[in-house]
Amino acid sequence: MNAHTARSRIMKRTSAIVAVAVIAALAATPGQTQELPVRNCTWCHGPSAQGSGAAPRIAGQREQYLVSQLHAFHDRSRDNPASKQYMWGATARLSPEMARDFALYFSSLPAEAAEDGDTGLAALGKVIYEQGVPDANVVSCIVCHGPRGEGFEAIPRLGGMSHGYLKSRLEQWGQGYHASARPMPLVARTLSADEIEALASYLSFLK
Amino acid sequence: MPIDARRTGGSRFGAAETLPPLAEGRRRAFHARSLLVVGAVGLTGAVTLGLAGFSSSAKAVPSFARQTGQPCATCHTAFPELTPMGRRFKLNGYTITGGTEPWEAPPIAAMVLPTFTKTKVQADTPPTNPDGYPIAHVNDNFIMQQASLFYGGKIFDNLGALAQGTYDKASQHTYLDNTDIRYTNTFNFGPLNALVGLNANNGPTVQDVWNTTPAWGFPYVAATLAPAFSPPLTQVENGWGGRTVGTGAYVFLNDMLYLEGAAYHNMSKGMLGTLGQTCPYNSDYIQNVNAWAAAAYPAVPGLPFPAWQPWSQNPQNYSLACSSSSLAYASPYWRVALEKNWGEHSLMIGAFGFYPEVLPGRVMGYGVDHYRDIGWDAQYQWINDVHAVTLKVTRISEMQNLEGTFAQGIATQFINAMGILNMYGVAPIPGNGPSNPINYLMSFKASGTYVWDRTISGSIGYFHVTGSHDYWQYGNALYNTFQTGAIYSNGNPSSAVGLPNSAGLIFDFAYMPFSKGGPELWPWANAKIGLSYTHYLSLYGGTANFDGNGIYYNGSSWRTHTATDNNTLFLYTWVAF
Amino acid sequence: MKTLRLAFLLWPALLAAASTLSFAEDRPPGPLPKPQLDAKIAYCKTCHGLSGQGFRGAYPMPRLAGQQPEYLEEQLRAFIERRRLHPLMQNVARALNPATLSAIAAHFKELNPKPLGGAPKDLIAAGKKIYEEGVPEKQIAPCASCHGPDARGDGAMPRLAGQLHDYTTQTLASWSKERGQDPLKPDSSAIMQPIAQGLTHEQAAAVAAYLGSLE
Amino acid sequence: MKVACLRLALLAAVLALASATAGRAQEQGGRQAFEAKVVYCKTCHGLSGEGYRGYYPMPRLAGQQPKYLENQLRAFIERRRVNPVMFNVAHVLTPATLAALTAHFHNLNPPPLGGAPRDNVGLGRTIYEQGLPEANIAACSACHGPEAKGHEEIPRLAGQLYPYTVKSLTYWGRERGQGGVRDDTSAIMVVTTHNLDAAQISALAAYLAFLK
């Protein structure tokens with residue numbers, strides 16, 4: 001009984017100390033995200049914005065691209081199933097200023113490569129990425145997205161994005177979603193399932 | 001729940017044997033039912049356990065949808081089951097925004113839950129408690145099971161809460177249901193990203209974000225007017241919810257590793273009363289007091305309370321009569337989980353532990369029961385645009401060092417044997433306590449849920465309870481017969497073979513019309529119309545006549561209890577707005 | 001950027017100044033040093049063909065290869081003095097001082113690429129006839145009498161051999177509108193004026209075709 | 001893995017054989033194949049051939065002189081003009097497809113894509129129309145025409161993308177006239193591109209970018 005009482009006391013004291021320490025730590029950190037509620041984004045896109053699940057990496061993404069996509073969600077022209085489900089609501093009340101701020105913030109974060117594609121397919125993906133398949137009217141991606149998949153202005157950075165995200169975007173363009181994002185629907189329509197798989201694999205490793 | 005049920009069940013004191021057993025039976029039936037609801041099958045943290053016998057549930061809280069601008073399906077597959085995003089919303093302390101601001105629409109939501117319950121064979125007695133739902137029938141019960149009011153959302157900055165106030169129709173009272181308050185922040189230490197939170201809640205695993213732990217495990221809703229027999233539950237399952245205060249801290253590292261520590265403290269009876277958690281009283285005691293104690297014992301100065309007053313006129317009576325167990329000391333709880341998300345997949349493996357130090361029946365002087373509950377759990381989810389599959393498995397093993405109950409049982413037996421009149425009108429615990437000072441109980445659950453297009457869900461669950469052999473704990477038909485001289489069904493967990501072993505299957509189908517967005521007028525509304533069926537494979541170590549008892553049905557035909565008699569069809573409608 | 005803008009603002013002023021001032025005043029006398037001269041010649045060849053053989057751009061750019069230096073120099077002066085109207089060439093020529101101009105003219109004189117060609121072959125015979133015999137009924141003298149039997153020219157008389165036929169046609173058609181435009185300072189273009197006027201379009205085309213085929 | 005390697009090998013084989021065998025487009029023949037090829041071109045060069053600003057600027061093809069286009073596509077194949085991507089694109093085109101494509105693009109007339117700095121459009125116009133004689137920069141208009149519509153093998157410049165013009169003029173000698181081919185028309189531009197400085201190129205490109 002005494003032992004239990006003592007244990008209980010220690011526990012109470014320990015939990016109190018822990019609580020105080022944590023509160024102190026919390027209070028001591030500068031509120032770097034006070035104005036910009038980045039947690040609204042990192043909630044799904046991962047704490048370092050490296051993407052999680054269906055939510056793509058947004059860290060290091062092109063600022064102009066991020067802005068354009070936020071607007072596309074807002075005006076509902078980007079109508080992929082996941083966009084519709086998550087991003088329409090998330091951007092419904094987003095002001096253009098805040099969209100710009102978010103874009104600026106996330107574009108400034110360092111990006112990590114997902115490296116979750118099929119390594120065996122990466123070589124084929126590289127050929128398609130760099131050269132296209134002219135016989136099949138598949139354009140080369142490199143001309144718009146750059147040799148390291150770095151993107152350009154409002155053309156997104158692709159290097160190191162997750163295999164699953166890239167794949168579903170390409171598939172969904174082929175299915176008619178987000179038709180306003182020309183010329184990507186045209187590109188996606190010419191790609192076979194295998195080629196999409198290979199491209200997504202290659203890009204997931206590209207840094 | 002056998003222990004609790006015994007504790008709260010009929011007294012063996014004095015004229016107990018002469019009291020109408022029916023009342024006792026009702027009581028026990030009621031407790032068994034509430035346990036089913038709460039814990040085993042239990043909805044979320046639902047609360048109250050054997051004690052009060054009400055159950056509740058929290059679900060897709062529309063105020064969350066308003067605050068985030070997200071449809072229910074962002075966080076829930078089939079609510080209240082969470083998606084990876086739902087888990088992160090909770091871990092972030094309900095503070096994610098993106099939708100309406102609190103001043104535009106307060107984070108208040110409401111919910112009603114009308115249900116209909118039908119068992120394969122009607123119960124021996126209508127499921128209700130002495131002052132509870134007055135119009136329950138032995139079968140086919142329609143009830144507006146509960147109505148809840150939520151505060152759900154950000155309070156300010158990084159502080160957020162889910163608090164649920166519930167009116168429970170079956171027990172006809174209002175109480176503070178699942179409550180979880182959090183303060184969170186994020187830190188980066190080099191490559192390490194840490195989401196740190198402080199948390200206060202009112203029941204173990206109420207704060208947990210996976211649906212493998214008892215508070216939010218499958219099935220998510222169950223009848224408050226449930227069948228007479230239900231398997232016993234472990235401590236972490238049977239829900240200290242609503243009767244304890246847990247404080248703790250957690251950290252979620254790199255979006256992957258979750259570590260949590262908490263301590264649960266007892267709530268004072270006064271606080272329980274304030275929060276609406278009525279404390280079940282001992283009917284024997286009341287009957288004793290009202291019927292004859294006052295006459296037998298005129299006022300005696302110096303007694304700790306005026307036992308002769310009608311119980312209802314003296315709050316202290318009520319307080320003392322509270323027969324629920326309480327936590328004797330701060331009881332630790334820990335949780336470890338590793339969740340890995342890749343693409344559309346999410347896998348979690350984890351473990352948790354709860355070590356309640358229980359004061360049985362709040363009776364001091366006989367010692368404390370020490371429990372050690374260790375749970376292992378795993379959950380796999382695959383969610384894409386159309387399909388969502390969730391597979392869950394949980395195994396909880398409990399070591400019971402029943403020091404206090406055992407000692408009280410011996411004392412009760414001694415009192416009964418010696419014919420000693422207990423001046424307080426209350427035996428230490430009713431019944432004889434457990435046969436063994438140390439028992440074990442194991443609860444295994446596995447379930448799978450498939451949701452199509454976020455609107456139609458189908459689930460199958462399997463539960464299996466095994467434990468050590470204990471005649472007194474799990475009932476003894478021969479003993480009952482011998483004791484009472486007549487054969488009654490008392491509804492008490494009764495096993496002809498002294499085993500808790502039970503198993504069953506649960507099927508659940510539901511339609512959630514508003515998961516992708518509610519009606520135009522109020523797009524945050526959520527609803528779930530569901531049908532569930534529980535099929536008992538065995539109860540208390542048997543299938544046919546598992547309790548060794550029988551009853552004269554309709555006054556003439558003799559009937560025994562079969563496990564499948566309890567098979568329950570349950571129709572429910574959740575409407576939250 | 002600022003300097004650029006400044007240059008832009010100053011540009012019209014520079015143009016105006018250049019047209020009134022003698023080119024010699026703001027430029028060092030004497031020919032350019034070799035590298036700069038080469039650069040200048042390459043500049044000419046951008047339009048007039050890499051071997052001076054002429055080039056068909058938006059307009060036909062005349063062959064300069066083998067051209068008489070005296071004629072070349074005179075024409076460049078005519079551009080500068082606006083006796084011959086050609087905004088582009090006026091602009092080009094005023095950047096050249098006399099010594100450079102001479103050096104360029106000497107350079108082109110030495111070139112002898114094949115004619116650019118492209119003239120309709122069926123007109124060559126008729127053109128040869130006119131070139132060698134003139135059009136007596138219109139008092140048009142044989143071209144050969146001034147430009148020489150092989151059309152190589154001499155001194156102030158330009159070489160015509162190998163000239164782009166479309167350039168020749170266009171030149172003859174617009175003679176009086178393009179050349180001898182300063183009444184106060186008549187020049188040798190007056191000699192050709194009646195001839196250019198006297199030739200019909202078909203005759204001019206025939207002569208041009210013949211000249212275009214001459215090496 | 002195996003499948004991937006196989007596909008890769010196949011792709012390589014196709015690439016190698018493509019110049020020797022007739023292109024797929026011709027084999028398939030028909031209008032549909034041609035339309036697909038047109039869409040293919042437009043994927044990069046703009047859906048109306050107006051050009052597109054990717055990581056590399058994709059030049060405007062609309063209104064371009066067929067002869068110029070044809071010559072450039074041949075230049076890619078013959079490696080007179082070095083561009084790995086366009087090499088791949090060009091070498092699968094049959095002569096008939098190529099001719100039809102150039103005609104198709106010649107007939108398009110979308111407004112210019114624009115998007116150039118406007119500060120020095122005036123200087124650009126001066127260079128274009130009059131040249132800079134002191135700097136030995138010939139007037140562009142002499143060859144490319146007063147409206148920059150081009151002529152035969154002389155390309156249209158009007159409406160060309162600013163970054164493309166800048167890039168072309170800046171790296172002229174490195175991209176064009178490669179492989180020691182003597183009669184490549186790109187030689188004509190060498191001197192001018194050499195003499196233009198960055199500011200002048202920018203001004204010129206900006207002027208052309210807005211020209212309809």
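What's counted below: heavy atoms across the whole structure, side chains too, no hydrogens, waters or symmetry copies. Protein chains get the first letters and strands the later ones, always in sequence-line order, with residue 1 at the start of each.
Atoms SG and CG, on C:Cys44 and D:Asn136 in that order, are 7.5 Å from each other to the nearest 0.5 Å. To the nearest 0.5 angstrom, C:Lys40 atom NZ is 7.0 Å from D:Glu134 atom CD. Remark: C:Leu50 CG to D:Ile188 CD1 distance equals 5.5 Å, nearest 0.5 Å. In this structure, the separation between CG on C:Asn91 and OG1 on D:Thr126 is 9.5 Å, given to the nearest 0.5 Å. Between the SG atom of D:Cys143 and the CZ atom of C:Arg56 there is a distance of 12.5 Å, given to the nearest 0.5 Å.
Annotation: side chain of C:Pro87 is not in contact with side chain of D:Gln130 (no heavy-atom distance under 4.5 Å).
The candidate from D:Ala142, D:Ala138, D:Ala139 with the greatest count of non-hydrogen atom pairs under 4.5 Å with chain C is D:Ala142.
Screening residues 100-143 of chain D for ring-ring contact (aromatic ring centres under 6.0 Å, His included), with sequence neighbours left out, gives D:Tyr128-D:Tyr207.
Taking a 6.0 Å sphere around CZ of D:Arg125, one finds it holds 12 or fewer heavy atoms contributed by other residues, nucleotides or ligands. Within a 6.0 Å radius of NZ in D:Lys167, more than 12 heavy atoms belonging to other residues, nucleotides or ligands are found.
Of all the heavy atoms in C:Tyr59 and D:Pro146, the pair that sits closest is OH-CD, 3.5 Å.
Within residues 149-163 of chain D, the residues having any heavy atom closer than 4.5 Å to a heavy atom of chain C are D:His151, D:Ile154, listed by residue number.
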